[in-house]
Each structure stands twice: as C-alpha cells, then as structure tokens.
> 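Have a look at the structure that comes next, please.
Just so it is clear, the model here is predicted, and its values are computed rather than measured. Note that these values count all heavy atoms, side chains included, but never hydrogens, waters or copies made by symmetry.
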Amino acid sequence: MTNDRTLEEMMKKLNEGTLSKNMDRRRFLETTGKIAGLSLGLTIAQSLGGFSVDAAPKFSQYPFTLGVASGDPLSDSVVLWTRLAPDPLNGGGMPSHVVPVQWELATDENFRNVIKRGTEQASPALAHSVHVEVTGLKPKTVYYYRFKSGNELSPVGRTKTLPAKGDPVSSLTFAFASCQQFEHGYFTAYKHMANEDLDLVFHLGDYIYEYGANEYVASGGNVRTHNGEEIISIEDYRNRYAQYRSDADLRAAHAAFPWIVTWDDHEVENNYANVTPEKGQSVEEFVKRRAAAYQAYYEHMPLRKSSLPHEGGMQLYRDFNYGNLASFYVLDTRQYRDDQANGDGSKPHSPESLDPKRTLLGTEQEKWLLNHLGGSSAQWNVLAQQIFFAQRNFGTSDAPTFSMDSWDGYPAARERITNFVTEKDMNNLIVLTGDVHASWASNLMTDYNNPDAPIFGAEFVGTSISSGADGSDWRADTEKTLAQNQNIKFFNNFRGYVRCRVTPQQWRADYRVLPYVKQPGADISTRASFIYEKNQKGIQEIATSTVPMGIQISNEVEEDRHRAHQRAHEKQMKKKREKVKN
C-alpha cells in the first residue's frame with residue numbers, strides 16, 4: 001500500500017512538472033527513473049507472494065510450447081532457457097505456484113553422457129520461465145540440453161561455449177538478424193539459419209512488434225494477425241512473445257545455436273527514447289509500460305540474472321570475447337538516449353541535433369565502450385547494435401536530410417567514438433546493424449563528405465526477417481541514395497539475415513536473402529558477399545548473384561516505412577478516442 005501511495009504521489013508531481021514546463025531534463029529523468037523502478041517493483045511484487053511448490057506437476061497440455069533456447073555464452077558458462085506455457089496465448093495457462101523444472105546438459109544429443117544436471121524453480125513472478133546459468137564448462141565445446149517437468153520432456157537444444165579470452169582462434173562463423181514483424185510474413189529465414197554451420201547468433205532488436213491486429217500493415221497487406229490489441233500490460237507482452245515463439249522456424253533457430261540478444265524500440269514501442277514515449281501519450285503511463293515490457297523481454301530471452309530488470313531499467317549492454325579473434329560489444333541504443341531531435345523523422349540538421357551534449361548511449365555506457373575499445377587487443381572490435389551508424393544522406397549535397405532516429409541524429413555522439421578510434425589508430429572496427437528492414441554495406445570513414453578520408457572499419461546492415469513483407473532487389477530511391485553516399489557500397493531490399501565468416505586477416509559478410517516471405521517455403525540464396533581486410537581499400541564485393549523469383553525493383557522508397565508506422569499510430573489514437581467516447 002505504501003508503494004502504491006508513493007507511486008501515485010510521484011506521478012502527480014511528474015505530471016504537474018511536465019505540464020508547467022518547469023522541470024529540467026536531469027530532474028525529469030531522475031523522477032521518471034524512480035517511477036519506473038517503483039513500477040517495476042510493483043509489477044514483480046504483484047506476482048510474488050507465499051507460493052507453494054508443486055513437486056509433482058501435471059499439465060492440461062504440453063508445457064514446453066515455446067521451445068528451448070541458450071544464450072550469453074562464455075568460455076566456461078552458458079544460459080539455458082525455457083518457459084512453461086501449456087496455454088501460451090492466454091497468459092501461459094499455469095497455476096499461481098512454483099513448479100520445479102529439471103535440466104540436463106550432455107556432450108551428445110542422445111544424452112548418454114550427461115555431465116551436468118539440476119533443478120530450477122519456475123515461478124509465476126517470471127511467467128514460469130527459467131534461466132539456468134550452467135558453469136564449469138570447457139571452452140569452444142558443443143553441448144546438448146533439455147528440460148523436464150512432471151512427466152513432460154522438452155525438445156533438445158544444442159549450444160556451444162566460446163573460446164577462452166586471448167586464446168588463438170583461426171575462424172568464427174555466425175549470423176545476425178533483426179526485425180521480425182509476425183503479421184508481415186513467415187519466419188522462413190530462421191528455417192535456413194538453423195541449417196547453417198554457425199558458432200552463434202546475434203539478434204539486434206525488434207524481436208516482437210507492439211501493434212494491435214492489422215495496425216502496422218505491410219505493402220500489399222498482412223498475411224498473419226497479431227493476437228489482440230496494442231500491447232501495454234505485462235500480460236499483453238507475455239502473450240505477444242508467446243505468439244512469436246509459436247513460429248516453428250524461430251524455435252528451431254533458438255534450439256540450434258546460442259543467441260546473444262539486444263533490443264531496439266518495438267520491444268516496448270516505436271521510436272521511444274529513454275522514458276519519452278513516441279507521441280501523444282502520457283509519460284506517467286509509459287514508464288509503467290516500459291517496466292512491463294522490460295520484464296517480459298527478460299522472461300523470454302536466454303539472459304543471465306545480471307540482466308534481471310531492477311530500479312526501472314535493465315542491464316543489457318555487455319561484452320563477449322571470442323578468443324583473441326574478436327571482441328563483441330553489445331549496445332543498448334534505446335534505454336539511455338536523448339529524445340530524437342527535430343521531432344524525429346528524416347530532417348536537416350539543426351542546433352538541436354548538432355548539440356555536442358546529446359547522447360545516444362548515455363554517459364555510463366559510452367564510457368564503458370571507449371574503455372573496452374581502448375584496452376582491446378583482439379583482431380576485430382565489433383559493435384553489435386541496432387541503428388545505422390555510418391552517414392546516410394537522403395537529401396542532396398546542397399540540402400541534406402538524415403534520420404533523426406539513427407546515429408545521424410546524434411552526430412556528436414558518433415564523432416566521439418570515431419575520434420577515439422582514429423586517435424588509437426584502429427582500422428578493425430566492425431559495426432553490425434538492424435532496424436531499417438534492408439541490407440546495406442558501408443565503409444566507416446573519418447569524414448563521410450571526403451571520399452579520400454581514411455577508412456577505419458565497415459558497417460554491415462542486415463535486412464529484416466519479415467518486416468516490410470516480400471521486398472525487392474532495389475527500390476525506387478536506391479540509385480539516388482547510393483549516388484549521394486559514396487561510403488555506401490551495397491543495398492538490397494529482400495528479407496533474410498547476414499552470415500559472417502571471420503579470420504584474423506579478413507571479415508566476410510554473406511547477405512542471405514529470400515525472394516518472398518508472404519508465403520512459407522521460400523529458398524534462400526546469397527545475394528552478395530563482401531570482404532574487409534584492414535588495408536584502406538574498404539569493403540570489396542567478391543560475389544554477386546540474382547535472386548530467383550524475386551522482384552527486381554519496386555516503387556517503394558525509404559519514407560514508406562515511416563509512413564506505415566505513422567498510419568499505425570493514427571489507428572491507435574483513433575481507437576483510444578473511440579474508447580473515451582464510449
């Protein structure tokens with residue numbers, strides 16, 4: 001009751017301060033942070049209590065409907081995940097008590113040589129999900145795992161530990177993906193990914209989408225339908241994750257490899273920034289919504305307990321070392337950022353967007369990143385993150401326009417990283433990116449307006465798994481965009497993922513794409529392959545092909561994606577107005 005009253009009082013003060021415009025930014029963030037913390041505490045506390053433990057559970061239906069997953073691999077440890085959900089789309093269908101879940105880890109898929117086993121307690125507080133942190137493992141070793149609860153046995157998952165930090169490593173193969181709008185198409189790309197020979201997978205955000213049924217509509221219409229309205233509460237977010245995990249191809253990719261994950265915006269809502277909602281919403285309600293979304297994300301991802309949400313936030317930026325070959329820095333570009341400048345969208349720069357104080361990562365995360373980059377001795381330093389890093393001008397030389405949601409909207413923050421890297425004379429920075437529903441490849445340069453400027457790395461932008469529906473080889477604006485941005489060497493608008501093959505001397509990126517996603521069963525092909533070799537030649541195309549059955553050019557342009565989000569937002573606002581009337 002005390003927490004309820006405290007939260008109510010803080011909400012009232014925040015509302016008064018916001019309306020009067022007398023609250024400065026620092027005080028605003030401090031206040032909303034406390035509110036988010038209280039809100040999150042209440043969200044979890046309402047699920048907690050004096051739960052009894054059901055030592056011999058019986059289930060009305062099969063409980064492992066959401067499959068299994070592993071993630072956050074280290075050289076001696078990995079996280080094993082599952083969630084008990086016999087009725088996945090209706091809250092999970094579990095009773096409100098703790099249920100024991102047994103787990104086993106073996107060196108063979110038939111479990112003849114089980115080397116670790118134990119029992120975790122699946123609690124209603126975390127939607128009966130379990131996150132087992134298995135330790136004492138051997139480096140660079142494949143293991144198999146499974147769960148059991150009552151008389152029910154889960155599917156078998158396969159995982160792999162990383163090489164020990166600093167150990168000599170000759171090669172690494174992994175894939176990265178992002179943006180999987182369930183309604184826009186099938187997750188066929190994951191079926192093909194599960195059959196690849198990979199060491200691990202990175203997911204760079206937009207694992208789910210928050211929209212209600214048929215609010216965010218792809219060109220030509222949607223082919224599947226979200227279950228329910230726009231998601232707001234913890235129950236809503238849980239049901240949405242369950243719906244996405246109902247896709248067998250997604251479950252197969254999770255079961256095949258360890259995943260390292262980070263979020264973007266749609267795990268909460270489109271283009272939110274820190275505790276600032278998109279538009280037309282109450283900040284007070286949004287911080288509660290964000291807390292619920294963060295908890296549901298944790299519940300459904302193979303994350304360590306160190307990422308368990310607390311004090312209104314969630315520790316998601318972290319690093320992984322693949323021997324001496326690569327150091328990966330997983331970034332969070334949503335939770336700590338300043339609000340998008342100039343009202344968001346694609347705009348020319350202004351004093352607001354050029355303000356040197358503006359931050360995308362937040363002070364703490366930016367300092368953490370630079371400290372790690374400065375101390376790295378790896379062959380490759382890799383930023384696994386969400387939004388376009390290199391400059392991308394959508395206008396003209398005389399009248400440039402840039403995405404205010406990407407690093408272009410925070411040029412001073414990007415410049416701080418660029419300056420640091422160039423001062424250290426680094427030429428081995430690789431940026432992995434999602435978000436924009438298309439494939440791009442770009443050189444990273446000290447001055448994007450000077451074609452002869454030094455090159456210090458490469459950015460590989462992966463297309464979506466399904467967001468945007470079928471896509472095409474090129475769009476109507478492709479030729480103009482490539483001509484205007486000499487640093488960008490490749491564009492493609494089909495769906496799929498990027499496979500990377502890494503050696504100490506060379507980084508190779510294969511753009512694996514599908515001709516369509518509106519129907520299941522599409523074949524996959526490699527549209528183009530690029531290498532980067534730290535020799536000032538920048539990225540080089542080494543292979544290219546056509547995509548059978550794919551559309552060669554569409555009349556779509558970059559702005560169409562933003563218009564579709566705007567139409568979705570307008571539908572949401574209309575529904576809210578109608579509810580008020582009724």
> Taking NZ, NE, NH1 and NH2 as the nitrogens, is one of them in Arg318 or Asp72 under 4.0 Å from a carboxylate oxygen of the other?
yes
> Under 3.5 Å, is there a donor on one side chain and an acceptor on the other for Lys279 and Gln566?
yes
> Tell me whether Arg224 forms a cation-pi arrangement with Phe182, defined as NZ or CZ under 6.0 Å from the six-membered ring centre and within 45 degrees of its axis.
yes
> In terms of side-chain geometry, is the basic nitrogen of Glu109 or Arg158 positioned less than 4.0 Å from the acidic oxygen of its partner?
no
> Look at Lys575 together with Glu215 and state whether they make a salt bridge at an N to O cut-off of under 4.0 Å.
yes
> Is a salt bridge present between Glu230 and Arg289, judged by a nitrogen-to-oxygen distance below 4.0 Å?
yes
> Does a salt bridge link Arg334 with Asp264, judged by any charged N lying under 4.0 Å from a carboxylate O?
yes
> Students often mix this up, so state it plainly: with edges at 30° and 60°, are the rings of His131 and Tyr298 parallel, tilted or perpendicular?
parallel
> For Val134, give me all partners under side-chain contact (heavy atoms from CB on, under 4.5 Å), at least two apart in sequence or on another chain.
Leu80, Trp103, Leu105, Lys116, Val132, Leu137
> Ring-plane angle category for Tyr317 and Tyr336, please: parallel below 30°, perpendicular beyond 60°, tilted otherwise.
perpendicular
> Sequence neighbours excluded, which residues qualify as side-chain contact (heavy atoms from CB on, under 4.5 Å) partners of Ile551?
Ser472
> Any ion pair linking Glu235 and Arg238 (charged N to carboxylate O, less than 4.0 Å)?
no
> Scan side-chain atoms only and decide if Tyr211 and His569 contain a donor-acceptor pair under the 3.5 Å cut-off.
no
> Return all side-chain donor-acceptor pairs below 3.5 angstrom for residues 150-157, not counting sequence neighbours, or 'none' if the list is empty.
residue : atom : partner : partner atom : Å
Ser154  : OG   : Phe147  : N            : 2.8
Ser154  : OG   : Phe147  : O            : 3.4

> Has Arg146 got its NZ or CZ under 6.0 Å from the middle of the six-membered ring of Phe111, at an angle within 45 degrees of the ring axis?
yes
> Would you say CG of Asp197 has more than 12 non-hydrogen atoms from neighbouring residues, nucleotides or ligands within 6.0 angstrom?
no
